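Just so it is clear, the model here is predicted, and its values are computed rather than measured. Heavy atoms only: backbone and side chains are in, while hydrogens, waters and symmetry mates are out. Numbering of ligands and ligand atoms starts at 1, following listing order.
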Amino acid sequence: MASGTRNVTRFWEWGRKIVCVGRNYADHAKELNNAVPTEPVLFLKPPSAYVREGSPILVPAYSSNLHHEVELGVVIGTGGTAIARASAMDHVAGYALCLDMTARDVQDACKAKGLPWTLAKAFDTSCPVSEFVPRERIPDPGDVRLWLRVNGQLRQEGNTAQMIFPVPYLISYVSAIMTLEEGDLILTGTPAGVSSVREHDELQAGIEDIVTMTFRVDRH
Ligand SMILES: O=C(O)/C=C/C(=O)CC(=O)C(=O)O
Ligand SMILES: [Mg+2]
């Protein structure tokens, strides 16, 4: 697991890239009036997007509609380029519960102008993450339940079996475009139920009861 003096169980400290997959659940694509994709939709977050429990999720000053998206994160253990689907899981060190925080109003404006989603997706604290979950604790990443509550109310619940493009496909697809490196994180998309959060809200989320996390929302 260790590489030099670094340990991939603290992947958020590595400064590695965060590759995000969008519209990977048909029910979520439909709730935002998007077509179900025929190939993965990709975007990136910088490592400065990471936030850990104990620190707040910050609503960007330029947004008035911040959405939660609960997602399974895949932590890369062994890097590679053009990884074959058949051996893709050999490259996985483990998993993390992730939120892809999205300034939906800003994303809608970017979409309308044909601009990239960077302002909507890549701001500081846009990627809350749980503890590292060793791969042995999730024998099948294609069959785990994701859930998210806001102030105790269930807002998102889905199973990774609903993914249009499963984890081995995503690792193979992404690595054919950009080399995957040890410590990289892939966010695999969100199921339906995304909704707004505001200052002082409390978000609780889990991958079943394998790992859970709690975050508070604050404003800049
Ligand atoms: O196309 C849209 O309106 C929104 C897409 C997303 O935000 C995609 C995701 O990040 C996702 O599906 O998880
Ligand atoms: Mg997302």
Enumerate the atoms of ligand 1 whose separation from the nearest heavy atom of G189 is less than 4.0 angstrom.
13 (O)

Using a 4.0 Å cut-off to any heavy atom of K121, which atoms of ligand 1 qualify?
6 (C), 7 (O), 9 (C), 10 (O)

Of the protein's non-hydrogen atoms, which lies at the shortest distance from atom 8 (C) of ligand 1, and what is that distance?
G22 CA, 3.5 Å

For OD2 in D100 and OE1 in E69, the angle at the Mg ion (ligand 2) (nearest 10°) is 90°

Return the NE2 to OG1 distance between H68 and T190, rounded to the nearest 0.5 Å.
8.5 Å

May I ask you to identify, for R23, whether its side chain, its backbone, both or neither come under 4.0 Å of ligand 1 on a heavy-atom basis?
both

Would you mind telling me if ligand 1 is within reach of the side chain of F43, the backbone, both or neither, using heavy atoms under 4.0 Å?
side chain

If you compare E71, E31, H67, Q107 by their heavy atoms, the one closest to atom 5 (C) of ligand 1 turns out to be Q107

Compare all side-chain heavy atoms of F43 with those of I18 and state whether any distance is below 4.5 angstrom.
no

Please give the atom name: the N, O or S atom of E71 nearest to the Mg ion (ligand 2).
OE2

Close approach of V21 to ligand 1, heavy atoms, under 4.0 angstrom:
yes

W117 to ligand 1, any heavy atom closer than 4.0 Å:
yes

Minimal heavy-atom distance between I171 and L180, with the atoms involved, is O-CD1, 3.8 Å

Run through R155, R149, Q156 and flag the one making a side chain to side chain contact (heavy atoms under 4.5 Å, CB included) with V70.
Q156

